[in-house]
2 protein chains.
Amino acid sequence: MQIKAASLASGLPAKTIRYYESLGLLRSKRAANGYRRYSEDDVEQMRFLHRARSLGFSLDECRDLLELYQDPTRASSEVRRIAEHHLVEVNAKIEQLQQLKASLGELIQQCPGNDSPDCAILDTLAGDDR
Amino acid sequence: MQIKAASLASGLPAKTIRYYESLGLLRSKRAANGYRRYSEDDVEQMRFLHRARSLGFSLDECRDLLELYQDPTRASSEVRRIAEHHLVEVNAKIEQLQQLKASLGELIQQCPGNDSPDCAILDTLAGDDR
DNA sequence: TTCAACCTTACAGCTAGTGGAAGGTCAAGT
DNA sequence: ACTTGACCTTCCACTAGCTGTAAGGTTGAA
């Protein structure tokens, strides 16, 4: 099948498929006219990458996961290690954003939001510690 | 003062100060030898930007906030609108990450994490709906 | 034959910087 | 007088993960 069909079957945009190929994450055969040709197995890999990305794994992590996926001698502990590391980062990001949310919420509370120029948000950004 | 001193006084790395100048967020006078010279007011702007960035505002938002900060005829409602919009995005990001966290946590639970190749994480990425 | 719908490569742009190279300036120490 | 080190300058390249666009080639059907 050509790249468009593979895109529809996998959920990855055609541009992204080419991009992943340029990174060495995917490979493709070529037809006589130079068009990329994909098999069902290729589409399976694309779906794998699509799902891994949607779980927030980086492309480097996706590469490692895909390698493990294709290695029958893998140890699941390896996979778990990668996922746990990712989870740690997700948790850190959540905490950071919750901090942000609390700070922003407080500032917004204190800003009248009317026609006057007085604004607690700007005061805080300006460094008025009040 | 020169850029290094302004950097220390504001918390913005010198490289970032130059970068912001290239974006038109900051301006600088030049000494005879071509070196940038900064006043206390300039440092105040840098601190403003530093704080706004640490609250997660984009550079575009920072630009708008800085303009409002310097406009005595501003309405605080304008500032509040920007902050509220940002908060909405922060909340959306948090929700998305919490979804991720839940999915990842479940998968990790189900992966034995031993020497065997069987792994629920890979099964899910491969599309085995189980 | 011509048209749409494919396909190709290559380059630019997005966010928000950071790193490094190559070179200029200046004050202090020897 | 000379050198050293700490500054400073500009410019280009790189990061992540794509997306947009241009310029052109191929194919099947009306």
Side-chain angles (χ1 to χ4, degrees), chain A residues 1-38 42 45-46 48-66 82 85-86 89-90 92-93 96-97 100, chain B residues 1-38 42 45-46 48-66 82 85-86 89-90 92-93 96-97 100:
Chain A
M1 89 188 73
Q2 294 188 165
I3 197 167
K4 184 87 184 291
S7 164
L8 290 174
S10 69
L12 284 182
K15 278 229 100 153
T16 302
I17 295 172
R18 290 194 198 94
Y19 175 60
Y20 286 0
E21 182 178 328
S22 82
L23 299 181
L25 269 166
L26 291 172
R27 244 149 292 139
S28 68
K29 298 198 190 302
R30 297 293 179 127
N33 58 13
Y35 288 15
R36 289 172 179 82
R37 309 298 324 231
Y38 296 106
D42 295 330
Q45 282 195 34
M46 292 176 198
F48 184 98
L49 290 172
H50 189 40
R51 290 204 182 85
R53 284 293 297 136
S54 74
L55 278 172
F57 288 103
S58 71
L59 288 182
D60 268 356
E61 287 165 335
C62 286
R63 188 192 307 272
D64 294 344
L65 288 170
L66 192 54
I82 294 173
H85 178 255
H86 179 38
E89 298 206 325
V90 168
K93 191 79 191 169
Q96 187 204 327
L97 287 174
L100 230 58
Chain B
M1 86 187 77
Q2 296 188 163
I3 198 167
K4 184 87 187 289
S7 164
L8 291 173
S10 68
L12 284 183
K15 279 228 102 151
T16 302
I17 295 171
R18 292 195 197 94
Y19 175 60
Y20 285 0
E21 182 178 329
S22 82
L23 299 181
L25 271 165
L26 292 172
R27 244 149 292 138
S28 67
K29 297 197 191 305
R30 296 293 179 128
N33 58 11
Y35 289 14
R36 289 171 179 81
R37 310 299 321 232
Y38 296 105
D42 295 329
Q45 282 196 33
M46 293 176 198
F48 184 97
L49 290 172
H50 189 41
R51 290 205 184 83
R53 284 293 297 136
S54 73
L55 278 172
F57 289 103
S58 71
L59 288 183
D60 268 357
E61 287 166 334
C62 286
R63 187 192 308 271
D64 294 344
L65 288 170
L66 192 54
I82 295 173
H85 179 254
H86 179 38
E89 298 207 324
V90 168
K93 191 77 191 170
Q96 188 203 328
L97 288 174
L100 230 59

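Here is how names work: the chains are called A, B, and so on, in the same order as the sequence lines, proteins then strands, and each is numbered from 1. Just the heavy atoms: all of them, side chains too, but no hydrogens, waters or symmetry mates, feed the values below.
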Answer with base, sugar-phosphate or nothing: what part of the nucleic acid does [X] contact at a heavy-atom distance below 4.0 Å?
X	result
B:Arg18	base
B:Leu23	nothing
A:Tyr20	sugar-phosphate
A:Arg36	sugar-phosphate
A:Arg37	nothing
B:Lys15	base

If I take atom [atom1] in residue [X] and atom [atom2] in nucleotide [N], what distance separates them, rounded to the nearest angstrom?
X	N	atom1	atom2	value
A:Leu8	C:dA5	CG	C1'	13 Å
B:Tyr35	C:dA27	OH	C1'	11 Å
A:Ile3	D:dT26	CD1	C1'	15 Å
A:Arg30	D:dG25	CZ	P	17 Å
A:Lys93	D:dA16	NZ	C1'	13 Å
B:Ile17	C:dG17	CD1	P	12 Å

Inset, instruction - Would you mind telling me which of D:dC7, D:dT9, C:dA16 lies closest to the side-chain atoms of B:Lys4? - result: D:dC7
Legend entry - Of the listed nucleotides D:dG17, C:dT9, D:dC7, the one nearest the side chain of A:Leu59: D:dG17
Legend entry - Under 3.5 Å: donor-acceptor pair, side chain of A:Ser7, backbone of A:Leu12: yes
Inset, instruction - Report yes or no: does B:His86 contribute a side-chain atom to a donor-acceptor pair with the main-chain N or O of B:Glu61 at less than 3.5 Å? - result: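 Here the side-chain-to-backbone pair does not exist.
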Phosphate OP1/OP2 of [N] contacted by [X] side-chain N/O (<4.0 Å):
X	N	value
B:Thr16	C:dT18	yes
B:Arg53	C:dG17	yes
B:Asn33	C:dC26	yes
A:Arg63	D:dA16	no

Inset, instruction - Find out whether B:Leu59 and B:Tyr20 are in side-chain contact, i.e. whether some heavy atom of one side chain is under 4.5 Å from a heavy atom of the other. - result: yes
Inset, instruction - Give, for atom CZ of B:Arg63 and atom CG of B:Leu26, the distance between the pair rounded to the nearest 0.5 Å. - result: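 Answer for the CZ-CG pair, B:Arg63 versus B:Leu26, is 10.0 Å.
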Inset, instruction - Starting at OH of B:Tyr38, measure out to NZ of B:Lys29 and round the result to the nearest 0.5 Å. - result: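 The distance works out to 12.0 Å.
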Legend entry - Nearest-nucleotide comparison on DNA chain D, the residue closer to the 5′ end among A:Phe57 and B:Gly34: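 With A:Phe57 and B:Gly34 compared, the 5'-side residue is B:Gly34.
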Legend entry - 5' priority, DNA chain C, between B:Tyr19 and A:Ala14 [closest heavy atom]: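 Mapping each residue to its closest nucleotide by heavy atoms, the 5'-most match is A:Ala14.
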Inset, instruction - Using the closest heavy atom to pick a nucleotide of DNA chain C for each, name whichever of B:Pro13 or A:Gln2 lands nearer the 5' end. - result: A:Gln2
Inset, instruction - Locate the shortest heavy-atom distance separating A:Ser28 from A:Arg36; write the atom from each residue and the value. - result: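 Residues A:Ser28 and A:Arg36, closest heavy atoms: OG-CG, 3.4 Å.
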